[in-house]
Protein chains: 2
Amino acid sequence: MRGKSDENLRCDCSIVHQDIVKKVQGKMPPEEMLYDLAELFKVFGDSTRIKIIWALFEEEMCVCDIAYLLNMTQSAISHQLRVLKQARLVKPRRDGKNVYYSLDDQHIEEIFNQGLKHINE
Amino acid sequence: MRGKSDENLRCDCSIVHQDIVKKVQGKMPPEEMLYDLAELFKVFGDSTRIKIIWALFEEEMCVCDIAYLLNMTQSAISHQLRVLKQARLVKPRRDGKNVYYSLDDQHIEEIFNQGLKHINE
DNA sequence: ATAACAATTGAGCAACTATTCATATGTTCA
DNA sequence: TGAACATATGAATAGTTGCTCAATTGTTAT
């Protein structure tokens with residue numbers, strides 16, 4: 001328990017379980033790590049990108065194929081591939097006029113599977 | 001290869017690898033499933049919520065404790081807990097004036113661990 | 001060189017989201 | 001009952017995001 005005199009606290013509760021907070025505080029990973037994790041999941045948090053990734057589970061595809069498969073414009077797909085590329089989730093391979101994208105990560109499939117387990121509960 | 005006469009296609013490419021698209025199309029999960037998956041990851045895609053979840057890995061906590069731990073307002077935390085609750089990721093337990101939240105899912109930790117593997121590559 | 005096509009990029013816009021602020025609801029205790 | 005406190009909720013707002021449209025870059029083939 002505490003007085004709220006400490007610092008510039010946003011929490012205005014008069015009673016906090018200090019022991020619990022202390023314990024949890026000691027176990028929290030560094031701020032930056034949690035931020036990066038959120039950034040990664042943010043990338044997964046869009047159904048267009050999920051679809052792109054799922055398609056790439058099966059086969060590498062060029063931008064044009066993906067656009068056709070998802071019935072979206074090349075531009076929209078290209079923008080999303082840029083996001084996925086920046087997150088190091090896909091990698092491009094140019095072949096003539098086409099650019100083929102493929103998955104660049106082993107863990108994605110496992111992450112998706114665990115996600116599906118939650119959904120299907 | 002195809003003419004682009006088909007339907008109302010958004011993709012204006014003149015050449016699509018139909019064989020690949022067909023194959024991938026057959027493997028795509030139902031639209032709704034992919035949408036739900038994106039919705040789940042969207043919930044993970046915010047560092048405040050990531051922090052809350054990580055804290056709850058360790059111990060159930062009341063709103064007030066979480067707010068104090070993260071140095072945020074009760075209101076902000078309560079709003080986020082609502083999102084987590086709706087996603088069936090946390091569950092509340094009232095004890096007097098306090099409401100204690102705990103994790104309501106076995107898969108979250110595994111999802112996070114796989115996410116971290118990607119980050120630390 | 002230049003025409004044709006695939007892909008990328010930047011600006012702009014509509015839709016969404018996380019927080020704040022003010023207020024309401026629930027619970028305990030005097 | 002009513003004062004005090006913890007939590008929840010609704011409206012408002014600033015910031016973010018996904019798509020479109022237009023223009024550009026990169027590659028091939030004539």
Review point. Is the ring centre of B:F44 less than 6.0 Å from the ring centre of A:F44?
Key: no

Practice item. Please report, rounded to the nearest Å, how far the C1' atom of C:dA18 is from the OH atom of A:Y35. Key: 13 Å

Exercise for review: Quick one: closest heavy-atom pair of B:L37 and A:G115, and the distance?
Suggested key: CD1-C, 3.8 Å

Point to revise | Side-chain N or O of A:N98 closer than 4.0 Å to phosphate OP1/OP2 of C:dA7 | key: yes

For nucleotides 9-16 of chain C, list the nitrogen or oxygen atoms of the protein found under 3.5 Å from its nitrogen or oxygen atoms, one pair per line.
| from | atom 1 | to | atom 2 | distance (Å) |
| --- | --- | --- | --- | --- |
| C:dT9 | O4 | A:S75 | OG | 2.8 |
| C:dG10 | O6 | A:H79 | NE2 | 2.8 |

Exercise for review: Could you tell me the separation between the CD1 atom of A:I66 and the P atom of C:dA7, rounded to a whole number of Å?
Suggested key: 9 Å

Revision key, fill the gap. Closest non-hydrogen contact found for B:I77 with B:A67 is CG1-CA, 3.7 Å

Revision key, fill the gap. Taken to the nearest whole Å, CZ/A:F41 to C1'/C:dT17 is 19 Å

Point to revise | A:R49 side chain near A:L89 side chain, heavy-atom distance below 4.5 Å | key: no

Point to revise | B:L84 CG to C:dT17 P, straight-line distance once rounded to whole Å | key: 14 Å

Exercise for review: Please check the phosphate of D:dA8 (OP1 and OP2 only) for any side-chain N or O of B:Y101 closer than 4.0 Å.
Suggested key: yes

Review point. What integer distance in Å separates B:R49:CZ from C:dT19:C1'?
Key: 12 Å

Between the protein and nucleotides 23-27 of chain C, list every N/O to N/O distance that falls short of 3.5 Å.
none

Review point. Any link between B:Y100 and A:I20 through a network of hydrophobic side chains (Ile, Leu, Val, Met, Phe, Trp, Tyr) touching at under 4.5 Å?
Key: no

Exercise for review: Using whole Å, report how far CG of A:D46 lies from P of D:dG18.
Suggested key: 5 Å

Check your understanding: What integer distance in Å separates A:L81:CG from C:dT8:P?
Key -> 7 Å

Check your understanding: So with a 6.0 Å cut-off around CZ of B:R88, is the heavy-atom count from everything else above 12?
Key -> yes

Revision key, fill the gap. Ranking C:dA18, C:dT20, C:dA7 by distance to the side chain of B:A76, first place goes to C:dT20

Review point. What pair of heavy atoms forms the shortest contact from B:Y101 to B:L56, and how long is it?
Key: O-CD2, 3.4 Å

Check your understanding: Do A:H118 and B:I108 touch side chain to side chain, with heavy atoms closer than 4.5 Å?
Key -> no

Review point. Does any non-hydrogen side-chain atom of A:S47 lie less than 4.5 Å from one of B:L34?
Key: no

Check your understanding: How close or far is atom P of C:dA7 from atom NZ of A:K91, stated in whole angstroms?
Key -> 18 Å

